[in-house]
Amino acid sequence: MTRRVVIDPVTRIEGHAKISIYLDEAGEVNDARFHVVEFRGFEKFCEGRPLGEMAGITARVCGICPVSHLLASAKAGDDIFAVTIPPAAEKLRRLMNLGQIVQSHALSFFHLSSPDLLLGYDSDPSRRNLFGLIAQHPDFARGGIRLRQFGQEVIELLGGRKIHPAWAVPGGVREPLSAANRDYLRSRLPEAFATVQSALAFFKQYAETHAEEVDHFGNFPTLFAGLVSKEGGLWEHYDGYLRIVDSEGRILVDQFDPRRYAEIIGEAVEPWSYLKSPYYKPLGYPDGAYRVGPLARLNICSGMGTPLADAELAEFRRRGNAQGIVTSSFMYHYARLIEILAALERIQMLLEDADILSPRVRASGGINKLHGVGVSEAPRGTLFHDYEVDERGMIRRVNLIIATGQNNIAMNRTVKQIAQHWIHGATNGIPEGLLNRVEAGIRAFDPCLSCSTHAIGQMPMVVTLIDSQGRVIAEARRD
Amino acid sequence: MDVTLIEGAIANQDHLELIHTIRKNSKLVVSFGDCAVTGNVTAMRNPLGEADVVLSRAYQDAQFLNPQIPHDDGIVPPLTAQALPVHAVVPVDLYIPGCPPPAKRIRGVLQALLEGQSPELIGREMLKFG
């Protein structure tokens with residue numbers, strides 16, 4: 001028989017989740033589950049809608065990374081149109097995706113996670129949030145807020161608004177970039193570089209002195225999956241081939257057209273969560289667990305493709321195992337900062353590209369194929385949009401595989417590992433710092449569970465201890 | 001609580017319980033964003049019938065391993081038959097439309113409330129869906 005600890009809801013992640021920790025008779029952790037309790041049903045209600053509406057509808061999957069859905073949806077449309085989009089359109093889409101990576105990673109690191117890192121897991125929860133951070137570390141907080149703002153400005157100056165821009169369309173994009181906006185974005189780059197470099201210096205020092213977190217926040221072998229560039233297998237965020245690498249650095253899948261994902265990726269359903277659990281089919285479920293997102297992208301790539309990020313990647317790999325693979329989920333934070341740096345370098349290159357102001361940004365096309373798949377890298381990992389249409393372009397079938405889902409199995413293992421390390425005999429009560437470590441382990445993945453934001457961290461949390469007879473033996477509440 | 005901003009439609013049993021608790025404890029309840037105001041994308045499932053229609057496509061299709069609708073009691077909240085805007089469940093005092101509402105609109109409402117005024121959203125910039 002087991003006892004269950006429920007942490008509900010988890011604060012400072014995007015959306016709303018519950019965590020259950022199952023204890024055995026001796027009060028030791030037996031198992032842990034991370035429950036996703038929101039569901040909307042895009043796969044069904046998109047049926048019958050025109051293809052052209054899909055980017056606008058599916059962007060509403062998420063208010064933090066709508067650009068990722070916009071791009072994956074437009075790419076699925078490109079595939080159905082069977083067109084090659086103009087070179088400037090691809091560059092502009094890349095520019096927007098890089099802006100998205102900067103703003104989303106900055107939000108994750110500075111607004112959501114750095115209160116834990118700078119103020120401490122055991123500090124007063126009512127102060128352990130962005131406002132507490134502003135009071136104690138104003139320059140650090142201001143830099144992070146302005147870095148996120150820069151990423152949002154890239155999106156807004158291209159798409160006309162920060163969130164849900166209706167800009168990328170099948171065949172390309174709707175508006176080119178103006179010279180004035182290009183010049184403005186260039187002028188903002190030096191400060192953005194300085195902010196991320198000082199955050200990198202801070203994090204590397206932090207990791208040295210917090211080995212316990214590094215070792216126990218989801219540190220285990222899994223596969224890692226994501227896109228790499230078609231030439232040279234470099235870090236990639238918009239297009240490319242699927243690569244899957246194991247924790248020993250062995251490449252299991254390479255040069256694989258991601259549009260064929262269904263041949264190698266399966267999705268399992270569990271009765272205790274609305275989030276499905278994707279897995280690598282040849283290894284089965286759950287052995288085929290893989291991680292996606294910043295940590296995975298750094299583990300799978302053959303190089304970053306830009307000088308500053310390549311120097312950081314070399315240092316990152318020195319902190320990994322003998323093969324240079326980093327298995328601790330705590331290092332998602334580190335990988336996120338390196339990706340911000342890489343994104344800024346690539347934004348700089350794109351803004352210096354003569355083609356970036358080209359007005360030729362959209363190919364016209366019609367329904368030339370009845371099935372199309374669009375795959376890109378969202379900030380949180382690989383995103384798949386798979387559409388079937390009829391001859392008139394009405395949607396007949398939709399499958400979406402979202403980044404956070406692909407980390408589902410790993411997030412569950414992370415909660416279990418943290419709970420096993422810090423919880424022993426829970427009947428004596430659970431200290432605040434420990435609860436927050438469980439939450440922070442989840443937050444390392446930056447899960448994005450619905451279109452709501454709880455950035456301030458003041459949502460109430462209820463922890464219930466239930467004994468083997470199903471009786472509530474203790475309840476802790478914080479408001 | 002003086003003012004509570006509600007994001008999202010009422011789509012499951014947890015939301016239903018929460019919204020009644022919030023209404024009981026708030027002087028002003030504000031529907032914040034199009035999902036709260038109209039149901040928006042969340043309510044796109046409504047014309048298809050009850051919740052099982054969408055759940056069954058998402059979880060019981062033969063393409064999945066262990067096809068089943070998630071159901072653990074006390075953990076996974078059952079969906080309401082229809083996704084509802086907030087005012088269909090409890091009285092709502094103010095509405096801020098937008099997907100998402102632009103910063104200026106949010107600030108306009110909060111500023112007026114802080115000054116003890118009744119906010120008025122007028123014109124395309126302040127009063128527009130999408």
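Just so it is clear, the model here is predicted, and its values are computed rather than measured. So you know, we letter chains A, B, ... as the sequences are listed, proteins then strands, and number each from 1.
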>> For A/Glu267 and B/Gln63: C-alpha separation, side-chain torsions, deciding distance, then whether side-chain contact (heavy atoms from CB on, under 4.5 Å) applies.
In response: CA-CA 8 Å; A/Glu267 296 176 82; B/Gln63 77 183 90; 3.8 Å; yes
What is the minimum heavy-atom distance between [X] and [Y], and which atoms define it?
X	Y	result
B/Ala58	A/Glu43	CB-OE1, 4.2 Å
A/Val398	B/Arg57	O-NH2, 2.7 Å
A/Tyr274	B/Pro78	OH-CA, 4.2 Å
A/Ser273	B/Pro70	O-CG, 3.2 Å
A/Val269	B/Tyr59	CG2-O, 3.6 Å

> Which members of residues 84-103 of chain B, sorted by number, sit under 4.5 angstrom from chain A on a heavy-atom basis?
Replying inline: B/Cys99, B/Pro100
>> At a heavy-atom distance under 4.5 Å, which candidate from B/His71, B/Gln60, B/Gln68 has the highest pair count against chain A?
In response: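 Among the listed options, the one with the most contacts to chain A is B/Gln68.
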> Any idea which of B/Val53, B/Leu79, B/Asp72 has the most non-hydrogen atom pairs under 4.5 angstrom with chain A?
Replying inline: B/Asp72
>> side-chain contact (heavy atoms from CB on, under 4.5 Å) for A/Phe39 and B/Val54? Distances and angles first, verdict last.
In response: CA-CA 10 Å; A/Phe39 170 80; B/Val54 275; 4.0 Å; yes
>> Can you tell me if B/Glu125 has over 12 outside heavy atoms packed within less than 6.0 Å of its CD?
In response: no
> Around B/Arg107, counting heavy atoms of other residues, nucleotides and ligands shown, do more than 12 lie under 6.0 Å from its CZ?
Replying inline: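 Incorrect, the count does not exceed 12.
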So for [X], is it side chain, backbone, both, or neither that comes closer than 4.5 Å to the heavy atoms of chain A?
X	value
B/Asp61	side chain
B/Leu55	both
B/Leu48	side chain

> How many angstroms lie between atom CG of B/Leu65 and atom CD of A/Glu270, to the nearest 0.5 angstrom?
Replying inline: 8.5 Å
> Nearest 0.5 Å, what's the CD-NE2 distance between A/Glu38 and B/His15?
Replying inline: 3.5 Å
> Mind checking what makes salt bridge (Lys or Arg N to Asp or Glu O under 4.0 Å) contact with B/Glu17, not counting sequence neighbours?
Replying inline: none
> Are any non-hydrogen side-chain atoms of A/Phe45 and B/Asn46 less than 4.5 angstrom apart?
Replying inline: no
